[in-house]
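This report concerns only the one structure given below.
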Amino acid sequence: MAPPRSFLWTRRIFLTLLTGFVLLPVYVMVSSSLKPLADVTGKFRWLPSELTIRPYIDIWSTVPLARYFVNSLIVATAATVCSVVIAVFSAYAVSRYRFRGKRVFTVTVLSTQMFPGILFLLPLFLIYVNIGNATGIALFGSRGGLILTYLTFSLPFSIWMLIGYFESVPRDLDEAAMVDGCGPLGALFRVVVPAAVPGIVAVAVYAFMTAWGEVLFASVMTNETTRTLAVGLQGYSTLNDVYWNQIMAASLVVSVPVVAGFLLLQRYLVAGLTAGAVK
């Protein structure tokens, strides 16, 4: 039975309002990035009186945006790879084997998500400083220390999510692979991992987005040479002026990798987030 016309019109109106609510800030950001600074700081106009691409050129010289971009890319990529690799092995062990403390391990991993990140800021800062003083390993102010910091947030969720996804993969596949001569690792990489690609992609996207846009720890754990994009954008605000058009342009530029990756992996991301929910 076809839905009533009132429902159809209500749905259209609601979706139109929702689309406008989502796209309006994007339009303001794009239009502001194409305006001279005087137009952005003056009276707001929906249509720019003058279009210019100068802000997209100046963003690279006002602050060392290229260096911040490289730092963010290295940190986010390394944190994603480490999180996925460790989560795959951990989730496979939990989902396929019985061992003492299994229940405690899964509950502990999940319970870490209850605490806000700011609670770990001071302890991690003290740990990194003491390790540096005792061993000479510079974790504070380095990319390696920031990668380890992001693992403390992305890894528990990645393990918990992949446990549910691996448990949805039939164990008969593992047994069939072992009958053919594969060991546990062979069954993992030849059977389970290919079947769990959507879940692994979802975990990778989550880990990358967490590291790419994080501000709190990046503002404390980095210095001028290791600063990431999320913190580096503050450089467009000085004591004398705020370069709003360059901030908007830089925000659009730094969001390109995340948006492009999400659009390319959207099919796997949706499948990975839903497949492990029902066994």
Side-chain angles (χ1 to χ4, degrees), residues 73-115 117 120 124 127 131 135 137 139 143-212 214 261-262 264-279:
L73 190 61
I74 292 175
V75 170
T77 303
T80 300
V81 172
C82 293
S83 180
V84 169
V85 171
I86 298 174
V88 166
F89 285 104
S90 302
Y92 182 73
V94 173
S95 64
R96 291 299 191 266
Y97 298 100
R98 295 181 179 179
F99 54 89
R100 183 176 299 179
K102 175 180 177 180
R103 180 68 177 177
V104 176
F105 174 78
T106 55
V107 172
T108 303
V109 167
L110 185 59
S111 63
T112 57
Q113 302 299 301
M114 298 189 307
F115 303 100
F120 301 97
L124 285 175
I127 290 173
I131 290 177
T135 64
I137 301 176
L139 293 178
R143 295 170 180 168
L146 196 59
I147 293 170
L148 290 177
T149 301
Y150 290 155
L151 284 178
T152 61
F153 302 103
S154 61
L155 190 56
F157 178 82
S158 301
I159 294 174
W160 175 76
M161 182 175 177
L162 284 183
I163 288 175
Y165 199 94
F166 282 177
E167 289 181 349
S168 67
V169 177
R171 299 193 179 188
D172 295 341
L173 298 177
D174 301 41
E175 298 174 357
M178 293 181 181
V179 169
D180 291 338
C182 292
L185 291 179
L188 171 63
F189 289 110
R190 296 186 180 182
V191 177
V192 179
V193 169
V197 168
I200 295 175
V201 170
V203 166
V205 171
Y206 167 79
F208 187 87
M209 293 180 64
T210 300
W212 186 264
E214 201 279 327
F262 179 82
L264 292 174
L265 302 175
Q266 182 180 9
R267 177 168 59 93
Y268 295 101
L269 180 62
V270 174
L273 291 174
T274 57
V278 180
K279 300 179 183 178

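- By the 30° and 60° cut-offs, the orientation of the rings of Trp160 relative to Phe157 is tilted.
- A distance of 11.5 Å separates CE of Met178 from CG of Leu173, quoted to the nearest 0.5 Å.
- Screening Thr149, Ile131, Leu124 against Leu139 for a side chain to side chain contact (heavy atoms under 4.5 Å, CB included) leaves a single residue, Ile131.
- Between Pro194 and Val197, the shortest heavy-atom contact is O-CG2, 3.3 Å.
- Once rounded to the nearest 0.5 Å, the distance linking SG of Cys82 with CG of Leu155 reads 9.5 Å.
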**Prompt:** Could you walk me through whether Met209 and Trp212 pass the side-chain contact (heavy atoms from CB on, under 4.5 Å) check?
**Reply:** CA-CA 5 Å; Met209 293 180 64; Trp212 186 264; 5.6 Å; no
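- Closest heavy-atom contact between Ser95 and Arg171: O-NH2, 2.5 Å.
- Aromatic ring centres of Tyr206 and Tyr150 lie farther apart than the 6.0 Å criterion allows.
- Here the side chains of Leu188 and Val88 are in contact, with some heavy-atom distance below 4.5 Å.
- Nearest heavy atoms, Arg96 versus Val192: NH2-CG2, 4.2 Å.
- Between Tyr165 and Ala196, the shortest heavy-atom distance links the atoms CE2-CA, 3.3 Å.
- If you check the side chains of Ser83 and Ser158, you find a donor sitting under 3.5 Å from an acceptor.
- In this structure, Pro184 and Tyr97 approach most closely via the heavy-atom pair CB-OH, 3.3 Å.
- Closest approach of Tyr92 to Ala187, counting heavy atoms only: OH-CB, 4.2 Å.
- For the pair Ser111 (side chain) and Thr108 (backbone), a donor-acceptor distance under 3.5 Å is present.
- Shown are Leu162, Ile159, Val109, Thr106; of these, the side chain to side chain contact (heavy atoms under 4.5 Å, CB included) with Val94 is made only by Thr106.
- To the nearest 0.5 angstrom, Leu146 atom CG is 10.0 Å from Leu151 atom CG.
- With hydrogens and angles disregarded, no donor-acceptor distance shorter than 3.5 Å links the side chain of Thr77 to the backbone of Ile74.
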